[in-house]
Undergrad: 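Can you read through this structure? Questions will come right after.
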2 protein chains.
Amino acid sequence: MIVEIVSTGTELLLGQIVNTNAAYLARKLNSLGFHVLYQSTVGDNRERMTQVLATALARADIVITSGGLGPTQGDITKEVSAGLLNKPLILHGPSLERIRCFFQQRNLPMPDNNVRQAMVPEGAIVVENERGTAPGVILEEGEKTIIHLPGPPHELEPMFERSIVPYLTRRFGEQGIIVSRVLRTYGIGESALEVKIRDFILNQSNPTIALLARNGEIHVRLTAKGASAMEANELITRLEMQLRQYIDQYIFGKDEESLEIVVGRLLQEKGMTLALAESCTGGLVSSRITDVPGSSIYLTGSIVCYSNQIKIDSVGVPAEILERYGAVSKETAYYMAQGIRGKFRTDLGVGITGIAGPGGATATKPVGLVYIAVDGPAGCDCQEYRFFGERTGIKHRTALAALNQLRLYVGR
Amino acid sequence: MIVEIVSTGTELLLGQIVNTNAAYLARKLNSLGFHVLYQSTVGDNRERMTQVLATALARADIVITSGGLGPTQGDITKEVSAGLLNKPLILHGPSLERIRCFFQQRNLPMPDNNVRQAMVPEGAIVVENERGTAPGVILEEGEKTIIHLPGPPHELEPMFERSIVPYLTRRFGEQGIIVSRVLRTYGIGESALEVKIRDFILNQSNPTIALLARNGEIHVRLTAKGASAMEANELITRLEMQLRQYIDQYIFGKDEESLEIVVGRLLQEKGMTLALAESCTGGLVSSRITDVPGSSIYLTGSIVCYSNQIKIDSVGVPAEILERYGAVSKETAYYMAQGIRGKFRTDLGVGITGIAGPGGATATKPVGLVYIAVDGPAGCDCQEYRFFGERTGIKHRTALAALNQLRLYVGR
């Protein structure tokens, strides 16, 4: 089954947003065994969108569009495909009802232009949108299928998972099983990692191996094709075992397991509680830890001690330590970790101090210098890091380092 | 001048990487006044790439490709365009020399397959690659122009800036200046906003108006074309003034001004300091505030008071308040704001408490119920919110609401 992904929206042609929907859909469709051979992007222009959809229908069995289902005048995707297939747009009652409820729940008046979102081409299969007002639309025209999805990723992705995947398997059957597994690594660069497993990469066939740099992590994606999911999984597991002989110490999780999820699981397994004293990360690490449902079980709380006075008064860093070694020092990180641990009476305390920049650097302490301390029953582990890049990048890399240091401390 | 961007590479069709090159090229080309009307993506397959390039040449004046200039068998872009234009591939001596040097400098042997990178279609303008081994290629065929760029962004971007931009202006002259300005709004939905300025949207020509939903904000983008930047800016300013008569109270900033940047500027103007007590946001608001360089001037610190004990011991929320009204209540938010303000001796205190979910809801308190209090010289402003979506989405929307409430408090 040949698929073409058509992304609509002038903001894409203007380059104001990066097309993450196309990558998401391509990844999912390939994992289901469908062949994505083309991707196209066109703006909110009737004539050109008609032309692009016609071309797509001519060369693909399934055309999946994203965007242009909104309430505004610029949202024309459904009108275009209705015109292309000579079908009138008709009002879909249940969708209008759901849109009304959407506004009622939020105690907002429903603008009349939202009614447009409930208009669908005659004969269309309407797909509920659990996260927004725009329903999805499936059009079956003989052998061809057109699927219209909303543009916002947080609406498109759940709709695709919950409604489109079941529909595709129902209509087109199993396309042969393709299974992917991502080994998430931290603490090694892409090319260094490639060198360690180069022979496997050069001789890959089934499973295939892909290295992907993802916000400071390197992901190793293993993809296997098999007659059954079990067969494909066995192929992947076998390769994973071999790869782990070379890169095991860098792998912290699989697939959707972020560092904060892994840390949270370890803390729960050990029945440990945690508190943080964050300076240069400004609360980012605590926020990431609390992204995980149930984190209140192990995270007692944190102090963002941006000023020295707070470091002294609320965290308990001795003033003379700050004076002698400075706020950005191994010693201050140590006392921050120890102080917050005692203050909040937790099993573990984390202290993070550094220079996120652009200001604050000195002759001896450059932007990107960071100290992270983890204090606990096994003593205090304090590490120095030197990160590069701009402020938010350094904050992000510091948060990853802190989560990883915590993972290693709790895991050992 | 109509441009089509053609991205090549099977990794794009597999969704293993997001297509940032297309966004980069589109942004640059639009700012130069070229009209990017189509973007296409095709894999490393001769037949399909030929078909896609032919379609592009038929509907665009300029076709810019990225990827497929590497040394491997899968890199076929130049072969395909040479075939399409019936031109032989010939060896380009200077390029071969540069590739040799590239390997010499790194004390590496040059693999023979790198010679392929020095082969170019006859009559091509060859563009130096300062960051890699693959030269760029420009092909002029009558009115049409094909430009082949390497795939890696760190090679493509400098090549485009330094060689392609001068070439385009030399060959096609000034395309007129295009200037964009984004008015960032908060506190109103996309369709409600459109209703307020619908007449302007329906009658738009130059400047054009586009509404974009961006992570809980609605952006109004004004784009004007003019002979000079000044002329374009005047057109935009005139329209902005008109729009502000209808939506001024929702506009908090322009272009890159995030809520945290605006809040930070206001705090500095008023010479005020700030401290936060965050529960359901887990430090996210403090982290966003500290994303802004120099935020240490006004942010003294914060406490992430996830447990009730911390709310009592460290923030100073009376135990009986927590007992009587619960942790998620107007009263608790009020005492959190007041408590942290007194504790950290700041001009302003913010208290945030709510249910991020998926757990924690009760019969009377649903997931998404949030209370935000801002305490300061002008008294305490406490608001109730009801957000929808999953955990991180609710955290994000709560952070926006807190920043906006803070902005309104400080700004008045």
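The figures that follow rest on heavy atoms only: side chains count, while hydrogens, waters and symmetry mates do not.
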Undergrad: Name the member of B:K343, B:R198, B:R59 that forms the most heavy-atom pairs with chain A at distances under 4.5 Å.
TA: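 Going by pairs under 4.5 Å, I would pick B:R198.
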
Undergrad: Is chain B contacted by the side chain of A:E390, its backbone, both, or neither, given a heavy-atom distance below 4.5 Å?
TA: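 Neither part; nothing is under 4.5 Å.
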
Undergrad: Quick one: which of A:I5, A:N113, A:V42 has the most heavy-atom pairs under 4.5 Å with chain B, could you say?
TA: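 Heavy-atom pair counts peak at A:N113.
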
Undergrad: Relative to chain A, which of B:P293, B:A277, B:P358, B:G301 shows the most heavy atom pairs under 4.5 Å?
TA: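 Maximum pair count with chain A is reached by B:P293.
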
Undergrad: Between B:E4 and chain A, which part of the residue has a heavy atom less than 4.5 Å away: side chain, backbone, both or neither?
TA: neither

Undergrad: Might you point out which heavy atoms bring A:P111 and B:A192 nearest each other, and give the distance in Å?
TA: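 Where A:P111 meets B:A192 most closely, the heavy atoms are CG-N, 3.9 Å.
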
Undergrad: Which pair of non-hydrogen atoms, one from B:R221 and one from A:L14, has the smallest distance, and what is that distance?
TA: NH2-CD1, 3.2 Å

Undergrad: Looking at side-chain heavy atoms only, is the closest gap between A:R345 and B:D313 below 4.5 Å?
TA: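 Yes, side chains in contact.
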
Undergrad: Need one label for A:L108: side chain, backbone, both or neither, based on atoms under 4.5 Å from any heavy atom in chain B.
TA: neither

Undergrad: Among A:T290, A:T300, A:I297, exactly one meets side-chain contact (heavy atoms from CB on, under 4.5 Å) together with B:Y306. Which residue is that?
TA: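 Looking at A:T290, A:T300, A:I297, the match for B:Y306 under the side-chain contact (heavy atoms from CB on, under 4.5 Å) is A:T290.
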
Undergrad: Would you say A:Q105 has more than 12 foreign heavy atoms packed within less than 6.0 Å of its CD?
TA: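 Counting neighbours around CD of A:Q105, more than 12 heavy atoms of other residues, nucleotides or ligands fall under 6.0 Å, so yes.
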
Undergrad: List the steps, then state whether side-chain contact (heavy atoms from CB on, under 4.5 Å) holds for A:F344 with B:S314.
TA: CA-CA 9 Å; A:F344 284 6; B:S314 303; 3.3 Å; yes

Undergrad: Side chains of A:E278 and B:V304: does their closest heavy-atom pair fall under 4.5 Å?
TA: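 Not in contact.
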
Undergrad: Give the member of B:V6, B:N30, B:I289, B:I17 that has the highest number of heavy-atom pairs under 4.5 Å with chain A.
TA: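 With the most close heavy-atom pairs to chain A, the winner is B:N30.
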
Undergrad: Is the number of heavy atoms from other residues, nucleotides or ligands within 6.0 Å of NZ (B:K28) greater than 12?
TA: no

Undergrad: Distance check, rounded to the nearest 0.5 Å: A:R288 atom CZ versus B:S287 atom OG?
TA: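 Between A:R288 CZ and B:S287 OG, I get 10.5 Å after rounding to 0.5 Å.
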
Undergrad: Go through A:N308, A:I310, A:T10 and name the one with the most non-hydrogen pairs under 4.5 angstrom from chain B.
TA: A:I310

Undergrad: Under 4.5 Å from any heavy atom of chain B, what part of A:F103 do you find: side chain, backbone, both or neither?
TA: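 Contact with chain B: side chain only.
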
Undergrad: As an exercise: rank A:T55, A:V3, A:L37 by heavy-atom pairs under 4.5 Å with chain B and give me the winner.
TA: A:L37

Undergrad: Among A:R131, A:R48, A:E11, A:Q73, single out the residue with the greatest number of heavy-atom pairs under 4.5 Å to chain B.
TA: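 Most pairs with chain B among the choices: A:R48.
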
Undergrad: When only pairs under 4.5 Å are counted, which of A:G294, A:S295, A:G74, A:P152 shares the most heavy-atom pairs with chain B?
TA: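 Heavy-atom pairs under 4.5 Å are most numerous for A:S295.
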
Undergrad: Write down the atom of B:A23, the atom of A:V18, and the distance for their closest heavy-atom approach.
TA: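 Nearest pair, atom of B:A23 first, then A:V18: CB-CG2, 3.9 Å.
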
Undergrad: Is it the side chain or the backbone of B:R386 that comes within 4.5 Å of chain A heavy atoms, both, or neither?
TA: neither

Undergrad: How many angstroms lie between CG in A:L284 and CG in B:L284, if you round to the nearest 0.5 Å?
TA: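 Rounded to the nearest 0.5 Å, the CG-CG separation comes out at 8.5 Å.
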
Undergrad: Out of A:I303, A:T392, A:V292, A:D291, return the one with the most heavy atom pairs under 4.5 angstrom to chain B.
TA: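 It is A:D291.
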
Undergrad: Does any backbone or side-chain atom of A:D44 lie under 4.5 Å from a heavy atom of chain B? Answer side chain, backbone, both or neither.
TA: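 Neither the backbone nor the side chain of A:D44 comes within 4.5 Å of chain B.
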
Undergrad: Can you tell me which portion of B:T281 sits under 4.5 Å from chain A's heavy atoms? Options are side chain, backbone, both or neither.
TA: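 For B:T281, backbone heavy atoms alone lie under 4.5 Å from chain A.
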
Undergrad: Can you check side-chain contact (heavy atoms from CB on, under 4.5 Å) on B:H219 and A:Q16, steps first, answer last?
TA: CA-CA 12 Å; B:H219 291 186; A:Q16 286 165 336; over 6 Å; no

Undergrad: If you look at every heavy atom in B:A26 and A:L12, which pair is closest and at what distance?
TA: CB-O, 4.1 Å

Undergrad: If you count heavy-atom pairs under 4.5 Å between each of B:G360, B:G283, B:S302 and chain A, which one has the most?
TA: B:S302

